[in-house]
Undergrad: 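Mind looking over this structure? Questions follow.
What you see is a predicted model, and the numbers here were worked out from it, not measured in a lab. Along the sequence shown, residues carry numbers from 1.
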Amino acid sequence: MPRLNIPATKINLIRIKDELKLAVDGHELLEQKRQVLIMEVRKLINSLRAERSEMEQLLREAYAKLAQATWENGAEQVALAGLATSQAIDISLRERSVMGIILPVVDATEAELRPSYSLSGTTSSLDEAARAFHGALQHIARLAELENAALRLATELMKTQRRVNALKNFFIPQYHETVKFLQETLEERERDSLFALKRLKSKADLPA
């Protein structure tokens, strides 16, 4: 690992030791953050899979009912009924924070399903299809929340992993090598200086 190209002075040694300590402390903090993010991403993925599975099942049932309603009432009547149905869910957004990462929280409140189409001109299968899609809406909102949160956390996890790797594999070893070089160079200079002083003292002690 190449060291930093700086002069071997005591001031530089003190500075590099301080920066090395900061890098080591930073690595430990980032590693802790990485572990928390991994756990959060895993939890989100498990929730995401369960929510997607349930939503897909609900949508399969809803589309089956829609196909039955279309067969019994005709495509045009079903389309008109869909246009006449009022909003069935109220959605609001708020935020939560995980390790400083802002994640969206989708609050989906089911409103009363109020079909405005004529009940006399349609069969019960149309009502069943409307209720089935209405029941799937909250799961769709929850799935959108989980997917967005998982993407944000996964992106932050990758950034954190790159920083951890950079500190562990490059910066910290480089600073270790630099500290080692500075210490060895300064110690060698001290030995040379001490040896020179001893020689001078020996010469001074010699009889004239």
Undergrad: Between Glu31 and Lys168, is the closest basic N to carboxylate O distance under 4.0 Å?
TA: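 Looking at Lys168 and Glu31, the cut-off is not met.
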Undergrad: In chain order, what residues pass the salt bridge (Lys or Arg N to Asp or Glu O under 4.0 Å) check against Arg191, with sequence neighbours excluded?
TA: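 Arg191: no salt bridge (Lys or Arg N to Asp or Glu O under 4.0 Å) contacts found.
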Undergrad: List the residues meeting ring-ring contact (aromatic ring centres under 6.0 Å, His included) with Tyr63, not counting sequence neighbours, and say none if there are none.
TA: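 For Tyr63 the ring-ring contact (aromatic ring centres under 6.0 Å, His included) partners, ignoring immediate neighbours, are Phe133.
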Undergrad: Examine Ile45 and Leu143 and state if one hydrophobic cluster contains both, with Ile, Leu, Val, Met, Phe, Trp and Tyr joined whenever side-chain heavy atoms are less than 4.5 Å apart.
TA: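 Yes, one cluster joins them.
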Undergrad: Donor-acceptor check, side chain of Asn12 to backbone of Ala8, threshold 3.5 angstrom: yes or no?
TA: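 Between the backbone of Ala8 and the side chain of Asn12 there is no qualifying donor-acceptor contact (under 3.5 Å).
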Undergrad: With a 4.5 Å cut-off on side-chain heavy-atom distances among I, L, V, M, F, W and Y, is there a chain of contacts connecting Ile38 to Leu153?
TA: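 Cluster IDs for Ile38 and Leu153 match.
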Undergrad: Carefully, step by step, assess Arg3 and Gln174 under the rule side-chain hydrogen bond (donor to acceptor under 3.5 Å, both in side chains).
TA: CA-CA 5 Å; Arg3 60 175 175 81; Gln174 185 181 50; over 6 Å; no
Undergrad: So which pairs with a foot in residues 20-29 pass salt bridge (Lys or Arg N to Asp or Glu O under 4.0 Å), sequence neighbours left out?
TA: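 Every salt bridge (Lys or Arg N to Asp or Glu O under 4.0 Å) pair that includes a residue of residues 20-29, provided the two are not neighbours, is Lys21-Asp25.
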Undergrad: Is it true that Lys65 and Glu61 have a side-chain N and a carboxylate O under 4.0 angstrom from each other?
TA: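 Glu61 and Lys65: not salt-bridged.
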Undergrad: Filter on ring-ring contact (aromatic ring centres under 6.0 Å, His included), then keep only pairs touching residues 15-41, sequence neighbours left out; what's left?
TA: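 For residues 15-41: none.
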Undergrad: According to side-chain hydrogen bond (donor to acceptor under 3.5 Å, both in side chains), who are the partners of Asn148, at least two apart in sequence or on a separate chain?
TA: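 Scan of Asn148 (side-chain hydrogen bond (donor to acceptor under 3.5 Å, both in side chains), adjacent residues dropped) gives Arg152.
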Undergrad: Between Glu95 (side chain) and Ile102 (backbone), is there a donor-acceptor pair under 3.5 Å?
TA: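 The answer is no, because no donor-acceptor pair under 3.5 Å joins these two groups.
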Undergrad: Assigning hydrophobic clusters by single linkage (Ile, Leu, Val, Met, Phe, Trp, Tyr; side-chain heavy-atom cutoff under 4.5 Å), is Leu58 placed with Met55?
TA: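 No, separate clusters.
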Undergrad: For Arg52, check salt bridge (Lys or Arg N to Asp or Glu O under 4.0 Å) against everything at least two apart and list the hits.
TA: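 Residues passing salt bridge (Lys or Arg N to Asp or Glu O under 4.0 Å) with Arg52: Glu147.
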Undergrad: Under a 4.0 Å N-O cut-off, is there an ion pair linking Lys180 with Glu177?
TA: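 Result for this pair is no, no salt bridge flagged.
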